[in-house]
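None of the values given here were measured: they were computed from a predicted structure. The figures that follow rest on heavy atoms only: side chains count, while hydrogens, waters and symmetry mates do not. Throughout, residue positions are numbered sequentially from 1 according to the sequence presented.
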Amino acid sequence: MGKKKGIIQGFIDGIQGDKIIWMIVLMLIMISILAISSSTPLLALQTKSTRSAIINEQILVAGLGLAIILICYFLLKRIGFLRAVSQLGFLVSFTMLLCLAIHVNTPFLKAVNINGATRALSIMGFQLHVFEFVKVFMVMYLAWACQAYQEKDGFAIAAALSEQPHFAFLKKKSWQLFFYVFLPIILVSVLILMGSVSSTLFIGMIMIATVFIGGVKLKEFIIYGVLGILLISGCVGLSFATGGKVFPRIHTAVSRVAMASEDPEEQLLKLQRGTVEFQEALDKVKQPISAKVAVSEGGLIGKGPGRSTQRYVVPVMFEDYMFSFIIEEYGLLGALLVIILYGSLLARGSILAKNCKSHFAKVAIAGLVIMISGQALMHMMINVDLGPLTGQTLPMISHGNSSFLAFSLAFGLILAISKMVKKKMDKETAQAAPILSDEVRDRLDELEQLDNIA
């Protein structure tokens, strides 16, 4: 008799889907709780709270995130159902962004201003950062649209309308591609641009990458890419023409790029100490300089948990500069662990995408994995001074309830699809014809008997 499996081993063996992605998720959550417990003394002062309360809140958010992952994992059992629900991704995203644009203000739903821009919705008191969820919803929507584009009459509404004389042009694939793929990308990008330039660029690139993976040809990208560039240029011109009253975040982005292109220390030396100009210039560069100090002081093994000094200098260390904080406290080894986790996610995602029979599932997994790993890469590059500050958090690690829950949803979808893929592969393997036919087996048995006689 074989050895009886332990409880933990039995539980691990019973997990369906990609076990490595499960491990990546759990490790990111543990790192998040550990990092936030040590990086939030300034947050505790700002909110007039305590670090223990912040830790408890993060544990609660982590529990909610795991609940979202498990709900997706157990309830989403069919690709067809997930694909049907994904059609609503653009409608939900557009509605949420439109509520921000018109500054909706009702007793139950209210647009909230964050850092000088309207970026969140307060739904019955619960604050939801819209951009974080739009990323996930649009990837799923575009995965559906790309598969529908590959199919004949995949767009049911366009097929029905094309029977009418005035809408006969919808029979052409080029028009379907415009209305179902590129027009949603353009509308979402313009609405996001009202609140954040960096989010517009990042989410726009994720959407384009998803569509490119979905099989849209390069020449079609060029046509609509020119249209997109003209539209964005018009938004920039409108912003400068109105003095920043329309699309005000464009001015903020220009100033950040200008600051990143200059040597901040050299600019400070030109100003007289003690003046208002000197203090304003110092406040602008204090965070990126302190983040570089944190990176340089981390060394190989870091200062150790709870020994960071720059967490008292950088107000958003626990959000925008979390990677710098990890390096300061856990050194290069801690940074390598984080890099390996996101790199492993990208590798496992590519393997899963290759094994997907459904075009929708393949595009969805690829888009979600690129979204997570791409944001992680951008965050890390900015933290080591390879780009201007964009406000993009480190996925599943940085502080931020909406961000954590949105990425939990993304991981839940990835794991749900991986479970479906594994079940289908196992079913096909079980139904596959045996490699050796009965005749071949008989021949092999005869050869074995001859060998025994010899």
Side-chain angles (χ1 to χ4, degrees), residues 28 30-55 57-58 114-115 198 255-256 259-269 271 273 278-339 341-342 375-401 403-404:
L28 288 175
M30 288 188 290
I31 292 172
S32 175
I33 294 172
L34 184 64
I36 289 175
S37 66
S38 181
S39 64
T40 52
L42 285 181
L43 179 62
L45 291 173
Q46 292 168 3
T47 58
K48 297 181 181 180
S49 180
T50 61
R51 287 175 57 191
S52 60
I54 294 173
I55 296 169
E57 179 188 355
Q58 184 63 23
I114 299 177
N115 295 330
S198 61
S255 64
R256 284 180 176 175
M259 185 177 70
S261 63
E262 300 173 353
D263 185 353
E265 294 181 5
E266 184 178 338
Q267 296 299 316
L268 283 175
L269 291 174
L271 300 173
R273 290 180 178 272
F278 178 85
Q279 188 59 46
E280 289 178 349
L282 179 62
D283 290 339
K284 289 181 180 179
V285 301
K286 181 170 62 176
Q287 290 192 149
I289 290 177
S290 298
K292 287 191 289 185
V293 171
V295 171
S296 65
E297 291 183 350
L300 179 63
I301 60 174
K303 297 177 179 179
R307 297 184 177 180
S308 167
T309 56
Q310 299 308 309
R311 61 181 174 171
Y312 298 105
V313 180
V314 183
V316 291
M317 177 68 87
F318 46 86
E319 290 180 352
D320 299 348
Y321 290 102
M322 179 57 84
F323 189 65
S324 297
F325 169 79
I326 290 173
I327 296 176
E328 184 182 11
E329 289 210 341
Y330 300 96
L332 181 60
L333 296 179
L336 285 175
L337 174 61
V338 173
I339 293 171
L341 289 176
Y342 290 115
Q375 181 163 325
L377 176 62
M378 180 183 295
H379 176 96
M380 290 185 282
M381 289 179 64
I382 291 167
N383 275 230
V384 295
D385 199 29
L386 293 179
L389 178 63
T390 61
Q392 300 295 331
T393 58
L394 191 60
M396 297 295 287
I397 295 181
S398 291
H399 184 270
N401 297 347
S403 175
F404 193 94

Determine whether the side chains of S37 and Q58 contain a donor N or O and an acceptor N or O closer than 3.5 Å.
no
Heavy atoms only: give me the nearest V293-S296 pair and the separation to one decimal.
O-OG, 2.8 Å
Nearest 0.5 Å, please: how far is CD1 in I33 from CG in L28?
11.5 Å
Report the distance from atom CG of L332 to atom CG of L300, rounding to the nearest 0.5 Å.
6.0 Å
How long is the span from the CZ atom in F325 to the CG atom in L394, to the nearest 0.5 Å?
12.0 Å
CG/L337: more than 12 non-hydrogen atoms of other groups inside 6.0 Å:
yes
Give a yes-or-no answer on whether the side chains of E328 and T309 include a donor-acceptor pair shorter than 3.5 Å.
yes
Output the distance between atom OG (S39) and atom NE2 (H399), rounded to the nearest 0.5 Å.
8.5 Å
Less than 4.5 Å apart, side chain to side chain, heavy atoms only: is that true for P41 and R51?
yes
Considering only heavy atoms from C-beta outward, does the side chain of I397 approach that of Y342 to under 4.5 Å?
yes
Hey, is the main chain of R307 close enough, under 3.5 Å, to the side chain of E329 for a donor-acceptor pair?
yes
D320 (side chain) donor-acceptor with S398 (main chain) under 3.5 angstrom:
no
On a heavy-atom basis, the closest approach of H379 and T393 is ND1-C, 3.5 Å
By salt bridge (charged side-chain N to carboxylate O under 4.0 Å, His left out), E319 pairs with (sequence neighbours left out) none
Which distance, rounded to the nearest 0.5 Å, do you find between the CG of L377 and the CD1 of I382?
9.5 Å
For the backbone of A35 and the side chain of Y330, can you confirm whether one donor and one acceptor N or O come within less than 3.5 Å of each other?
no
Where V384 and F323 come nearest, the two heavy atoms and their spacing:
CG1-CE2, 4.4 Å
I'd like to know if the side chain of R311 reaches the main chain of G306, judged simply by a donor and an acceptor atom lying under 3.5 Å from each other, with no hydrogens or angles considered.
yes
Using a 4.5 Å cut-off on heavy atoms from C-beta on, say whether the side chain of M380 contacts that of L386.
no
Looking only at heavy atoms, what is the nearest atom pair of I327 and A335, with distance?
CG1-CB, 3.7 Å
Find the distance between CE (M317) and OG1 (T40) and round it off to the nearest 0.5 Å.
12.0 Å
For the residue pair S324 / Q310, report whether a side-chain donor-acceptor contact shorter than 3.5 Å exists.
no
